[in-house]
Amino acid sequence: MNHISDRRTFAIISHPDAGKTTLTEKLLLFGGAIHLAGEVKARGAARRARSDWMKIEQQRGISVTSSVMTFERQFDGIGGVTFNLLDTPGHEDFSEDTYRTLTAVDSAVMVIDVAKGIESQTRKLFEVCRLRNVPIITFVNKVDREGREVFAILDEVAEMLQLDVTPMTWPMGTGSDFEGIFDLATNRLLLPEGPSREFQGKVIQTTGVDDPQLDAIISARNLAKVREEVELAQVGYPEFDAEAYRRGDMTPVYFGSALKEFGVDSLIEALAAFAPPPRAQPAEPAAVEPTRDEVTGFVFKVQANMDPNHRDRIAFMRLCSGTFKRGMKLTPTGHGKPIAIHSPILFFAQQRELADEAYPGDIIGIPNHGTLRVGDTLSERADVRFTGLPNFAPEILRRVALKDPTKTKQLRKALDDMAEEGVTQVFYPEIGSNWIIGVVGQLQLEVLLSRLDAEYKVAAGLEMAPFETARWVSADDPADLKAFTDLNRSAMAKDRDGNPVFLAKSAWEVGYIADRYAKVKFAATRER
Ligand code: G4P
(Lines give C-alpha, C1' and ligand atoms only; values in the text may rest on other atoms or scores of the structure.)
Protein backbone atom coordinates (compact mmCIF):
# COMPACT_ATOMS: atom_id res chain seq x y z
CA MET A 1 0.00 0.00 0.00
CA ASN A 2 2.88 2.35 0.90
CA HIS A 3 4.26 1.90 -2.56
CA ILE A 4 1.06 3.30 -3.94
CA SER A 5 0.53 6.21 -1.57
CA ASP A 6 4.15 7.36 -1.95
CA ARG A 7 3.98 7.66 -5.75
CA ARG A 8 3.50 11.00 -7.50
CA THR A 9 3.27 10.62 -11.27
CA PHE A 10 3.02 14.02 -12.89
CA ALA A 11 3.82 16.14 -15.93
CA ILE A 12 4.76 19.75 -16.41
CA ILE A 13 2.62 21.68 -18.87
CA SER A 14 3.59 25.05 -20.23
CA HIS A 15 3.94 27.23 -23.28
CA PRO A 16 7.41 27.02 -24.89
CA ASP A 17 9.90 29.28 -23.08
CA ALA A 18 7.98 29.57 -19.83
CA GLY A 19 10.74 27.59 -18.12
CA LYS A 20 9.73 23.94 -18.20
CA THR A 21 13.21 22.61 -18.95
CA THR A 22 14.79 24.79 -16.29
CA LEU A 23 12.20 23.77 -13.73
CA THR A 24 12.60 20.08 -14.61
CA GLU A 25 16.30 20.40 -14.07
CA LYS A 26 15.84 22.07 -10.70
CA LEU A 27 13.24 19.56 -9.56
CA LEU A 28 15.69 16.78 -10.33
CA LEU A 29 18.44 18.67 -8.60
CA PHE A 30 16.36 19.21 -5.47
CA GLY A 31 15.18 15.66 -5.65
CA GLY A 32 18.81 14.60 -5.51
CA ALA A 33 18.62 12.88 -8.89
CA ILE A 34 21.33 15.01 -10.46
CA HIS A 35 24.10 16.94 -8.85
CA LEU A 36 24.90 19.58 -11.33
CA ALA A 37 22.42 22.03 -12.70
CA GLY A 38 22.58 22.03 -16.46
CA GLU A 39 22.83 18.31 -16.74
CA VAL A 40 19.41 17.82 -18.23
CA LYS A 41 20.30 20.11 -21.05
CA ALA A 42 23.83 18.76 -21.38
CA ARG A 43 22.63 15.19 -21.59
CA GLY A 44 19.95 16.30 -23.98
CA ALA A 45 22.55 17.84 -26.23
CA ALA A 46 24.71 14.71 -26.23
CA ARG A 47 21.70 12.63 -27.11
CA ARG A 48 20.69 15.01 -29.83
CA ALA A 49 23.93 14.60 -31.68
CA ARG A 50 23.13 10.94 -32.22
CA SER A 51 20.56 11.01 -34.95
CA ASP A 52 19.37 13.27 -37.68
CA TRP A 53 15.96 13.27 -36.20
CA MET A 54 17.40 14.99 -33.18
CA LYS A 55 18.88 17.67 -35.41
CA ILE A 56 15.44 19.12 -35.80
CA GLU A 57 15.25 19.47 -32.08
CA GLN A 58 18.50 21.29 -32.09
CA GLN A 59 17.68 23.63 -34.95
CA ARG A 60 14.30 24.51 -33.63
CA GLY A 61 15.37 24.47 -30.04
CA ILE A 62 12.46 22.35 -29.02
CA SER A 63 12.11 19.03 -27.39
CA VAL A 64 10.64 16.40 -29.65
CA THR A 65 10.92 13.30 -27.55
CA SER A 66 9.22 12.85 -24.27
CA SER A 67 11.00 11.05 -21.55
CA VAL A 68 10.40 9.85 -18.05
CA MET A 69 12.43 10.80 -15.03
CA THR A 70 12.16 9.20 -11.65
CA PHE A 71 13.53 10.61 -8.42
CA GLU A 72 13.00 10.07 -4.73
CA ARG A 73 13.07 12.33 -1.75
CA GLN A 74 12.38 12.29 1.99
CA PHE A 75 9.96 14.76 3.56
CA ASP A 76 9.41 15.62 7.21
CA GLY A 77 6.06 14.29 8.29
CA ILE A 78 5.42 12.52 4.97
CA GLY A 79 8.35 10.15 4.57
CA GLY A 80 9.87 8.99 1.31
CA VAL A 81 8.15 9.98 -1.92
CA THR A 82 8.91 8.64 -5.40
CA PHE A 83 8.27 11.13 -8.18
CA ASN A 84 7.75 10.06 -11.78
CA LEU A 85 8.04 13.12 -13.96
CA LEU A 86 6.81 12.60 -17.50
CA ASP A 87 8.22 15.17 -19.84
CA THR A 88 5.79 16.39 -22.44
CA PRO A 89 7.00 17.83 -25.73
CA GLY A 90 6.35 21.53 -25.49
CA HIS A 91 5.81 22.45 -29.11
CA GLU A 92 2.23 22.75 -30.22
CA ASP A 93 2.88 20.63 -33.29
CA PHE A 94 3.32 17.70 -31.02
CA SER A 95 -0.03 17.93 -29.41
CA GLU A 96 -1.04 14.35 -30.06
CA ASP A 97 1.95 12.81 -28.32
CA THR A 98 1.57 15.28 -25.50
CA TYR A 99 -2.08 14.51 -25.03
CA ARG A 100 -1.32 10.83 -24.73
CA THR A 101 1.37 11.48 -22.15
CA LEU A 102 -1.18 13.35 -20.08
CA THR A 103 -3.33 10.22 -19.98
CA ALA A 104 -0.57 8.57 -17.97
CA VAL A 105 -0.24 11.12 -15.14
CA ASP A 106 -2.16 11.67 -11.93
CA SER A 107 -1.47 15.39 -11.68
CA ALA A 108 0.25 18.26 -13.46
CA VAL A 109 2.29 21.35 -12.73
CA MET A 110 1.35 24.30 -14.91
CA VAL A 111 4.24 26.71 -15.44
CA ILE A 112 3.35 30.29 -16.34
CA ASP A 113 5.73 33.11 -17.19
CA VAL A 114 4.96 35.99 -14.80
CA ALA A 115 5.29 38.47 -17.65
CA LYS A 116 3.07 36.56 -20.07
CA GLY A 117 0.33 34.85 -18.12
CA ILE A 118 -1.69 32.06 -19.73
CA GLU A 119 -0.49 31.45 -23.29
CA SER A 120 -2.08 29.43 -26.08
CA GLN A 121 -0.26 26.16 -25.51
CA THR A 122 -0.76 26.25 -21.75
CA ARG A 123 -4.41 26.66 -22.37
CA LYS A 124 -4.68 23.73 -24.79
CA LEU A 125 -2.81 21.45 -22.45
CA PHE A 126 -4.93 22.61 -19.57
CA GLU A 127 -8.06 21.62 -21.52
CA VAL A 128 -6.72 18.09 -21.85
CA CYS A 129 -6.09 17.96 -18.11
CA ARG A 130 -9.59 19.17 -17.49
CA LEU A 131 -11.09 16.44 -19.71
CA ARG A 132 -9.52 13.90 -17.41
CA ASN A 133 -9.91 15.88 -14.17
CA VAL A 134 -6.16 15.99 -13.72
CA PRO A 135 -5.44 18.25 -10.71
CA ILE A 136 -3.08 21.16 -11.34
CA ILE A 137 -0.57 23.04 -9.21
CA THR A 138 0.35 26.38 -10.78
CA PHE A 139 3.93 27.67 -10.68
CA VAL A 140 4.31 31.30 -11.71
CA ASN A 141 7.90 31.46 -12.92
CA LYS A 142 10.50 34.16 -13.50
CA VAL A 143 9.57 36.39 -10.55
CA ASP A 144 13.17 37.56 -10.65
CA ARG A 145 12.13 39.51 -13.72
CA GLU A 146 9.68 42.33 -14.20
CA GLY A 147 6.26 40.85 -14.58
CA ARG A 148 2.60 41.53 -14.35
CA GLU A 149 0.76 42.36 -11.13
CA VAL A 150 0.21 39.28 -9.02
CA PHE A 151 -3.54 39.90 -8.78
CA ALA A 152 -3.77 40.20 -12.55
CA ILE A 153 -2.06 36.84 -13.01
CA LEU A 154 -4.30 35.14 -10.45
CA ASP A 155 -7.44 36.62 -11.98
CA GLU A 156 -6.36 35.55 -15.43
CA VAL A 157 -5.91 31.94 -14.31
CA ALA A 158 -9.30 32.02 -12.61
CA GLU A 159 -11.11 33.57 -15.54
CA MET A 160 -9.45 31.89 -18.50
CA LEU A 161 -9.41 28.46 -16.99
CA GLN A 162 -12.56 28.69 -14.92
CA LEU A 163 -10.77 27.46 -11.84
CA ASP A 164 -10.77 28.57 -8.24
CA VAL A 165 -7.33 29.90 -7.50
CA THR A 166 -5.67 30.17 -4.15
CA PRO A 167 -2.24 31.77 -3.76
CA MET A 168 -0.04 29.71 -1.46
CA THR A 169 2.92 32.07 -1.58
CA TRP A 170 3.31 35.74 -2.46
CA PRO A 171 6.29 37.37 -4.18
CA MET A 172 7.67 40.46 -2.46
CA GLY A 173 8.53 42.76 -5.33
CA THR A 174 9.48 41.62 -8.83
CA GLY A 175 12.45 42.04 -11.13
CA SER A 176 15.33 43.93 -9.61
CA ASP A 177 13.08 44.73 -6.67
CA PHE A 178 12.44 41.08 -5.86
CA GLU A 179 13.09 40.50 -2.16
CA GLY A 180 11.73 37.06 -1.47
CA ILE A 181 8.54 35.13 -0.98
CA PHE A 182 5.98 35.15 1.79
CA ASP A 183 4.43 31.77 2.53
CA LEU A 184 0.79 32.48 3.24
CA ALA A 185 0.01 29.22 5.01
CA THR A 186 2.96 29.17 7.40
CA ASN A 187 3.76 32.90 7.61
CA ARG A 188 7.35 32.12 6.74
CA LEU A 189 9.57 34.48 4.85
CA LEU A 190 11.80 32.88 2.23
CA LEU A 191 14.70 35.16 1.46
CA PRO A 192 17.26 35.09 -1.31
CA GLU A 193 20.89 35.22 -0.37
CA GLY A 194 24.29 35.90 -1.84
CA PRO A 195 25.63 38.63 -4.08
CA SER A 196 23.49 37.64 -7.06
CA ARG A 197 20.51 37.10 -4.77
CA GLU A 198 20.14 33.52 -5.82
CA PHE A 199 18.74 30.53 -4.00
CA GLN A 200 16.31 30.25 -1.20
CA GLY A 201 18.65 31.29 1.53
CA LYS A 202 17.15 32.16 4.88
CA VAL A 203 13.79 31.08 6.17
CA ILE A 204 12.32 33.32 8.86
CA GLN A 205 9.25 32.45 10.88
CA THR A 206 6.96 35.44 11.39
CA THR A 207 3.63 35.88 13.11
CA GLY A 208 2.12 37.24 9.93
CA VAL A 209 2.66 39.94 7.38
CA ASP A 210 2.24 42.61 10.11
CA ASP A 211 5.12 41.19 12.16
CA PRO A 212 7.54 44.08 12.94
CA GLN A 213 10.44 41.79 11.93
CA LEU A 214 9.50 42.55 8.34
CA ASP A 215 10.30 46.25 8.82
CA ALA A 216 13.95 45.42 9.14
CA ILE A 217 14.04 42.87 6.34
CA ILE A 218 11.91 44.24 3.53
CA SER A 219 12.74 47.56 1.96
CA ALA A 220 10.36 50.47 2.45
CA ARG A 221 9.65 50.40 -1.31
CA ASN A 222 8.01 47.03 -1.11
CA LEU A 223 6.83 46.73 2.47
CA ALA A 224 3.57 48.68 2.42
CA LYS A 225 2.57 47.12 -0.87
CA VAL A 226 3.38 43.60 0.29
CA ARG A 227 1.36 44.07 3.50
CA GLU A 228 -1.61 45.44 1.66
CA GLU A 229 -1.50 42.77 -1.05
CA VAL A 230 -1.12 39.88 1.35
CA GLU A 231 -4.03 41.13 3.47
CA LEU A 232 -6.20 41.48 0.40
CA ALA A 233 -5.11 38.05 -0.83
CA GLN A 234 -5.96 36.43 2.47
CA VAL A 235 -9.53 37.70 2.42
CA GLY A 236 -10.01 37.77 -1.32
CA TYR A 237 -9.27 34.17 -2.27
CA PRO A 238 -10.75 30.96 -0.96
CA GLU A 239 -8.64 28.89 1.40
CA PHE A 240 -6.79 25.95 -0.07
CA ASP A 241 -9.10 22.95 -0.18
CA ALA A 242 -7.23 19.72 -0.90
CA GLU A 243 -10.39 17.95 -2.05
CA ALA A 244 -11.30 20.71 -4.51
CA TYR A 245 -7.74 20.59 -5.86
CA ARG A 246 -7.86 16.84 -6.33
CA ARG A 247 -11.18 17.10 -8.13
CA GLY A 248 -9.56 19.55 -10.53
CA ASP A 249 -11.71 22.49 -9.38
CA MET A 250 -9.04 24.51 -7.59
CA THR A 251 -5.41 25.30 -8.32
CA PRO A 252 -2.96 26.33 -5.61
CA VAL A 253 -0.54 28.93 -6.97
CA TYR A 254 3.16 29.15 -6.11
CA PHE A 255 5.56 31.86 -7.18
CA GLY A 256 9.24 31.45 -7.86
CA SER A 257 12.18 31.50 -10.19
CA ALA A 258 13.32 28.22 -11.63
CA LEU A 259 16.50 29.85 -12.87
CA LYS A 260 17.45 31.23 -9.47
CA GLU A 261 16.21 28.09 -7.74
CA PHE A 262 13.71 30.06 -5.80
CA GLY A 263 10.38 28.61 -4.71
CA VAL A 264 11.18 25.22 -6.24
CA ASP A 265 11.39 23.60 -2.84
CA SER A 266 7.91 24.82 -1.92
CA LEU A 267 6.67 23.33 -5.18
CA ILE A 268 8.20 19.91 -4.47
CA GLU A 269 6.76 19.98 -0.98
CA ALA A 270 3.36 20.80 -2.39
CA LEU A 271 3.59 17.86 -4.79
CA ALA A 272 4.52 15.56 -1.93
CA ALA A 273 1.82 16.88 0.39
CA PHE A 274 -1.13 17.43 -1.93
CA ALA A 275 -0.69 15.79 -5.33
CA PRO A 276 -2.71 12.60 -5.60
CA PRO A 277 -1.08 9.18 -5.57
CA PRO A 278 -2.09 6.82 -8.41
CA ARG A 279 -5.77 7.01 -9.13
CA ALA A 280 -8.25 4.52 -10.54
CA GLN A 281 -7.90 4.38 -14.33
CA PRO A 282 -10.82 4.26 -16.74
CA ALA A 283 -11.16 0.79 -18.25
CA GLU A 284 -13.63 -1.78 -19.48
CA PRO A 285 -15.46 -3.57 -17.97
CA ALA A 286 -14.77 -1.34 -14.95
CA ALA A 287 -12.22 1.22 -13.76
CA VAL A 288 -9.07 -0.36 -12.33
CA GLU A 289 -8.14 0.59 -8.76
CA PRO A 290 -4.41 0.79 -7.99
CA THR A 291 -4.95 -1.57 -5.06
CA ARG A 292 -6.03 -4.41 -7.34
CA ASP A 293 -3.66 -7.37 -6.94
CA GLU A 294 -3.06 -8.31 -10.56
CA VAL A 295 -0.67 -6.26 -12.61
CA THR A 296 -2.29 -4.07 -15.25
CA GLY A 297 -0.99 -1.16 -17.28
CA PHE A 298 -1.27 0.60 -20.60
CA VAL A 299 1.15 1.74 -23.26
CA PHE A 300 0.97 5.51 -23.80
CA LYS A 301 4.02 5.93 -25.96
CA VAL A 302 6.23 3.85 -28.22
CA GLN A 303 9.60 5.05 -29.32
CA ALA A 304 11.54 3.32 -32.05
CA ASN A 305 15.27 3.55 -32.59
CA MET A 306 16.12 5.21 -29.28
CA ASP A 307 19.43 3.58 -29.80
CA PRO A 308 20.44 3.64 -33.48
CA ASN A 309 22.46 0.44 -33.00
CA HIS A 310 19.41 -1.51 -32.02
CA ARG A 311 16.34 -1.94 -34.09
CA ASP A 312 14.06 -2.54 -31.16
CA ARG A 313 11.70 -0.04 -29.70
CA ILE A 314 10.61 0.86 -26.26
CA ALA A 315 7.00 0.85 -25.22
CA PHE A 316 6.33 3.10 -22.24
CA MET A 317 3.80 1.46 -19.97
CA ARG A 318 2.10 3.13 -17.07
CA LEU A 319 1.54 0.58 -14.35
CA CYS A 320 -2.01 0.93 -13.03
CA SER A 321 -2.24 -1.87 -10.46
CA GLY A 322 -0.32 -4.71 -8.84
CA THR A 323 3.36 -5.17 -8.13
CA PHE A 324 5.32 -5.72 -11.30
CA LYS A 325 8.27 -8.09 -11.05
CA ARG A 326 10.96 -8.64 -13.63
CA GLY A 327 10.35 -11.68 -15.81
CA MET A 328 6.61 -11.48 -15.28
CA LYS A 329 4.32 -12.54 -18.13
CA LEU A 330 1.78 -10.00 -19.29
CA THR A 331 -0.78 -10.35 -22.04
CA PRO A 332 -1.47 -7.51 -24.47
CA THR A 333 -5.24 -7.31 -24.78
CA GLY A 334 -6.45 -8.00 -28.26
CA HIS A 335 -3.46 -9.90 -29.54
CA GLY A 336 -3.44 -12.84 -27.32
CA LYS A 337 -0.02 -14.29 -26.58
CA PRO A 338 1.50 -13.47 -23.18
CA ILE A 339 4.95 -11.91 -23.33
CA ALA A 340 7.61 -12.36 -20.69
CA ILE A 341 9.13 -9.06 -19.67
CA HIS A 342 12.74 -9.90 -18.98
CA SER A 343 14.43 -6.56 -19.37
CA PRO A 344 12.07 -3.85 -18.22
CA ILE A 345 13.58 -0.41 -17.82
CA LEU A 346 12.99 2.18 -15.14
CA PHE A 347 14.00 5.74 -15.80
CA PHE A 348 16.05 7.20 -13.02
CA ALA A 349 16.70 10.68 -14.30
CA GLN A 350 17.50 9.56 -17.83
CA GLN A 351 19.84 6.81 -16.80
CA ARG A 352 18.13 3.66 -17.77
CA GLU A 353 18.12 1.06 -15.06
CA LEU A 354 16.83 -2.45 -15.21
CA ALA A 355 13.67 -2.68 -13.16
CA ASP A 356 13.25 -5.50 -10.67
CA GLU A 357 10.04 -4.22 -9.22
CA ALA A 358 7.63 -1.46 -10.01
CA TYR A 359 4.42 -0.17 -8.47
CA PRO A 360 1.27 1.58 -9.62
CA GLY A 361 2.09 4.99 -11.05
CA ASP A 362 5.53 3.87 -12.22
CA ILE A 363 6.49 3.92 -15.87
CA ILE A 364 8.25 0.89 -17.27
CA GLY A 365 10.06 0.82 -20.57
CA ILE A 366 9.51 -2.47 -22.35
CA PRO A 367 11.89 -3.25 -25.21
CA ASN A 368 10.09 -5.10 -27.99
CA HIS A 369 10.15 -5.65 -31.71
CA GLY A 370 6.94 -3.94 -32.60
CA THR A 371 4.47 -6.15 -30.78
CA LEU A 372 3.41 -3.38 -28.42
CA ARG A 373 1.41 -0.43 -29.62
CA VAL A 374 0.17 2.85 -28.22
CA GLY A 375 -3.09 2.21 -26.44
CA ASP A 376 -2.40 -1.45 -25.66
CA THR A 377 -3.43 -2.78 -22.30
CA LEU A 378 -1.07 -5.26 -20.66
CA SER A 379 -2.33 -7.42 -17.86
CA GLU A 380 -1.76 -10.69 -16.05
CA ARG A 381 -5.22 -11.99 -16.74
CA ALA A 382 -6.12 -10.24 -19.99
CA ASP A 383 -9.51 -9.33 -18.55
CA VAL A 384 -9.43 -5.53 -18.75
CA ARG A 385 -8.92 -2.92 -21.42
CA PHE A 386 -7.96 0.64 -20.57
CA THR A 387 -9.92 3.26 -22.46
CA GLY A 388 -9.42 6.84 -23.41
CA LEU A 389 -6.17 6.99 -25.38
CA PRO A 390 -7.29 8.80 -28.46
CA ASN A 391 -5.93 9.03 -31.99
CA PHE A 392 -6.78 12.46 -33.34
CA ALA A 393 -8.11 13.28 -36.79
CA PRO A 394 -5.13 14.58 -38.74
CA GLU A 395 -5.28 18.19 -39.81
CA ILE A 396 -2.68 17.91 -42.56
CA LEU A 397 -2.66 15.11 -45.15
CA ARG A 398 0.16 14.48 -47.60
CA ARG A 399 0.94 11.92 -50.29
CA VAL A 400 4.24 10.16 -49.86
CA ALA A 401 6.28 10.11 -53.06
CA LEU A 402 9.02 7.53 -53.09
CA LYS A 403 12.14 8.52 -55.01
CA ASP A 404 13.40 4.96 -55.44
CA PRO A 405 10.55 2.54 -56.28
CA THR A 406 12.55 -0.49 -55.09
CA LYS A 407 12.21 0.80 -51.54
CA THR A 408 8.45 0.27 -51.26
CA LYS A 409 8.80 -2.36 -48.59
CA GLN A 410 11.08 -0.24 -46.43
CA LEU A 411 8.75 2.71 -46.81
CA ARG A 412 5.77 0.69 -45.69
CA LYS A 413 7.67 -0.56 -42.68
CA ALA A 414 8.82 2.94 -41.77
CA LEU A 415 5.31 4.39 -42.10
CA ASP A 416 3.87 1.57 -40.03
CA ASP A 417 6.54 2.06 -37.38
CA MET A 418 5.91 5.74 -37.13
CA ALA A 419 2.17 5.30 -37.07
CA GLU A 420 2.65 2.88 -34.24
CA GLU A 421 4.73 5.42 -32.35
CA GLY A 422 2.08 8.04 -32.93
CA VAL A 423 4.47 10.32 -34.84
CA THR A 424 2.20 10.30 -37.88
CA GLN A 425 -0.86 8.43 -39.00
CA VAL A 426 -0.82 6.46 -42.19
CA PHE A 427 -3.68 5.73 -44.57
CA TYR A 428 -3.62 3.20 -47.38
CA PRO A 429 -6.14 4.27 -50.03
CA GLU A 430 -8.42 1.58 -51.46
CA ILE A 431 -7.65 2.78 -54.96
CA GLY A 432 -4.20 3.73 -56.16
CA SER A 433 -0.82 3.20 -54.62
CA ASN A 434 -0.09 6.61 -53.16
CA TRP A 435 0.04 6.21 -49.45
CA ILE A 436 -1.16 9.11 -47.43
CA ILE A 437 0.14 10.29 -44.13
CA GLY A 438 -1.67 12.49 -41.71
CA VAL A 439 -0.31 14.69 -38.96
CA VAL A 440 -1.70 17.12 -36.46
CA GLY A 441 1.09 19.69 -36.94
CA GLN A 442 3.53 20.76 -39.66
CA LEU A 443 6.68 19.91 -37.73
CA GLN A 444 5.74 16.24 -37.67
CA LEU A 445 6.19 16.19 -41.46
CA GLU A 446 9.80 17.28 -41.09
CA VAL A 447 10.39 14.70 -38.39
CA LEU A 448 8.94 12.06 -40.69
CA LEU A 449 11.15 12.91 -43.68
CA SER A 450 14.30 13.22 -41.67
CA ARG A 451 13.68 9.93 -39.90
CA LEU A 452 12.85 8.14 -43.16
CA ASP A 453 16.19 9.22 -44.43
CA ALA A 454 18.29 8.71 -41.29
CA GLU A 455 16.79 5.58 -39.84
CA TYR A 456 15.30 3.74 -42.80
CA LYS A 457 17.49 5.01 -45.65
CA VAL A 458 14.42 5.85 -47.67
CA ALA A 459 14.47 9.02 -49.76
CA ALA A 460 10.94 10.33 -50.08
CA GLY A 461 9.13 13.55 -50.71
CA LEU A 462 5.71 14.79 -49.75
CA GLU A 463 3.10 16.03 -52.17
CA MET A 464 -0.18 17.76 -51.65
CA ALA A 465 -2.97 15.25 -51.25
CA PRO A 466 -6.42 15.90 -52.65
CA PHE A 467 -7.75 15.53 -49.11
CA GLU A 468 -7.70 17.75 -46.09
CA THR A 469 -8.96 15.66 -43.24
CA ALA A 470 -9.94 12.13 -42.28
CA ARG A 471 -12.70 10.46 -40.29
CA TRP A 472 -12.93 6.95 -38.97
CA VAL A 473 -16.21 5.48 -40.16
CA SER A 474 -18.39 2.83 -38.59
CA ALA A 475 -22.04 1.78 -38.53
CA ASP A 476 -24.18 -0.42 -36.31
CA ASP A 477 -25.28 -2.42 -39.32
CA PRO A 478 -22.35 -3.60 -41.49
CA ALA A 479 -24.62 -3.30 -44.55
CA ASP A 480 -24.87 0.47 -44.02
CA LEU A 481 -21.10 0.77 -43.87
CA LYS A 482 -20.70 -1.34 -46.98
CA ALA A 483 -23.22 0.76 -48.88
CA PHE A 484 -21.32 3.87 -47.91
CA THR A 485 -17.87 2.57 -48.77
CA ASP A 486 -19.04 1.11 -52.10
CA LEU A 487 -20.30 4.50 -53.19
CA ASN A 488 -17.30 6.45 -51.94
CA ARG A 489 -14.49 4.08 -52.81
CA SER A 490 -12.21 6.79 -54.21
CA ALA A 491 -12.20 8.50 -50.82
CA MET A 492 -11.82 5.36 -48.73
CA ALA A 493 -8.63 4.16 -47.09
CA LYS A 494 -7.53 1.87 -44.31
CA ASP A 495 -5.48 2.94 -41.32
CA ARG A 496 -2.59 0.87 -40.03
CA ASP A 497 -4.96 -1.43 -38.18
CA GLY A 498 -7.20 -1.95 -41.19
CA ASN A 499 -9.99 0.31 -39.91
CA PRO A 500 -11.97 2.08 -42.62
CA VAL A 501 -11.27 5.78 -42.96
CA PHE A 502 -13.05 8.35 -45.05
CA LEU A 503 -10.73 10.97 -46.56
CA ALA A 504 -12.48 14.27 -47.08
CA LYS A 505 -11.64 17.25 -49.25
CA SER A 506 -12.71 19.64 -46.54
CA ALA A 507 -14.33 19.83 -43.14
CA TRP A 508 -17.39 21.05 -44.99
CA GLU A 509 -17.50 17.85 -47.01
CA VAL A 510 -17.43 15.82 -43.81
CA GLY A 511 -20.55 17.64 -42.63
CA TYR A 512 -22.25 17.27 -45.99
CA ILE A 513 -21.54 13.55 -46.28
CA ALA A 514 -22.44 12.93 -42.65
CA ASP A 515 -25.85 14.50 -43.29
CA ARG A 516 -26.45 12.27 -46.28
CA TYR A 517 -25.42 9.06 -44.55
CA ALA A 518 -27.16 9.34 -41.22
CA LYS A 519 -26.53 5.72 -40.29
CA VAL A 520 -22.76 6.00 -40.66
CA LYS A 521 -20.73 7.41 -37.79
CA PHE A 522 -17.85 9.75 -38.58
CA ALA A 523 -15.34 9.96 -35.75
CA ALA A 524 -12.58 12.55 -35.45
CA THR A 525 -10.80 10.50 -32.85
CA ARG A 526 -10.36 6.81 -32.57
CA GLU A 527 -9.88 5.22 -29.22
CA ARG A 528 -7.80 2.16 -28.91
P1 G4P B 1 10.90 25.77 -21.86
O2 G4P B 1 11.51 24.45 -21.55
O3 G4P B 1 9.58 25.98 -21.19
O4 G4P B 1 10.84 26.11 -23.31
O5 G4P B 1 11.81 26.90 -21.19
P6 G4P B 1 13.32 26.89 -20.70
O7 G4P B 1 13.44 26.23 -19.39
O8 G4P B 1 14.20 26.45 -21.80
O9 G4P B 1 13.50 28.44 -20.43
C10 G4P B 1 13.32 29.41 -21.44
C11 G4P B 1 14.21 30.60 -21.14
O12 G4P B 1 13.78 31.22 -19.91
C13 G4P B 1 15.66 30.24 -20.92
O14 G4P B 1 16.44 31.32 -21.34
C15 G4P B 1 15.77 30.15 -19.41
O16 G4P B 1 17.07 30.35 -18.93
C17 G4P B 1 14.85 31.25 -18.98
N18 G4P B 1 14.29 31.04 -17.63
C19 G4P B 1 13.72 29.93 -17.12
N20 G4P B 1 13.33 30.12 -15.85
C21 G4P B 1 13.65 31.40 -15.54
C22 G4P B 1 13.50 32.19 -14.36
O23 G4P B 1 13.00 31.77 -13.34
N24 G4P B 1 13.97 33.46 -14.44
C25 G4P B 1 14.54 33.98 -15.55
N26 G4P B 1 14.96 35.24 -15.52
N27 G4P B 1 14.70 33.26 -16.69
C28 G4P B 1 14.26 31.98 -16.68
P29 G4P B 1 17.18 31.31 -22.74
O30 G4P B 1 18.02 32.52 -22.76
O31 G4P B 1 16.18 31.14 -23.82
O32 G4P B 1 18.00 29.99 -22.70
P33 G4P B 1 19.38 29.68 -22.00
O34 G4P B 1 20.37 30.25 -22.95
O35 G4P B 1 19.37 30.36 -20.67
O36 G4P B 1 19.42 28.21 -21.91
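First listed ligand is number 1; within each ligand, the first listed atom is number 1. Heads up: numbering here begins at 1 and tracks the sequence.
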Testing the 3.5 Å rule here: is there a donor-acceptor pair between the side chains of [X] and [Y]?
{"X": "Glu179", "Y": "Ser219", "result": "yes"}
{"X": "Tyr245", "Y": "Asp164", "result": "no"}
{"X": "Thr169", "Y": "Ser266", "result": "no"}

Taking only heavy atoms of [X], which atoms of ligand 1 are found under 4.0 Å from at least one of them?
{"X": "Thr22", "value": "6 (P), 7 (O), 9 (O), 15 (C), 19 (C)"}
{"X": "Lys20", "value": "1 (P), 2 (O), 3 (O), 5 (O), 7 (O)"}
{"X": "Ser257", "value": "22 (C), 23 (O), 24 (N)"}
{"X": "Pro16", "value": "4 (O)"}

Using a plain distance cutoff, I'd like to know if [X] has any nitrogen or oxygen under 3.5 Å from a nitrogen or oxygen of ligand 1.
{"X": "Ala258", "value": "yes"}
{"X": "Leu23", "value": "no"}
{"X": "Thr21", "value": "yes"}

Should the proximity of Lys142 to ligand 1, defined as any heavy atom under 4.0 Å, be assigned to the side chain, the backbone, both, or neither?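 Answer for Lys142: both.
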
Minimum distance, heavy atoms only, to atom 20 (N) of ligand 1: which one of Asn141, Val140, Asp113 is it?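 Closest candidate by heavy-atom distance is Asn141.
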
Among Thr24, Asp17, Ile12, closest by any non-hydrogen atom to atom 10 (C) of ligand 1: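 Shortest heavy-atom distance from atom 10 (C) of ligand 1: Asp17.
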
Could you measure the distance from the CG atom of Asn187 to the CG atom of Asp211? Nearest 0.5 Å is fine.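 Those atoms lie 8.5 Å apart.
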
Please check this pair: side chain of Arg398 against backbone of Leu462, looking for a donor-acceptor N/O pair closer than 3.5 Å.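 Checking the backbone N and O of Leu462 against the side chain of Arg398, no donor-acceptor pair under 3.5 Å is found.
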
Closer than 4.0 angstrom, basic N to acidic O: yes or no for Asp106 and Arg8?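 Salt bridge between Asp106 and Arg8, a charged N being under 4.0 Å from a carboxylate O: no.
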
Phe262 vs Phe255, ring pair (Phe, Tyr, Trp, His ring centres under 6.0 Å): CA-CA, chis, key distance, verdict: CA-CA 8 Å; Phe262 209 93; Phe255 291 83; over 10 Å; no

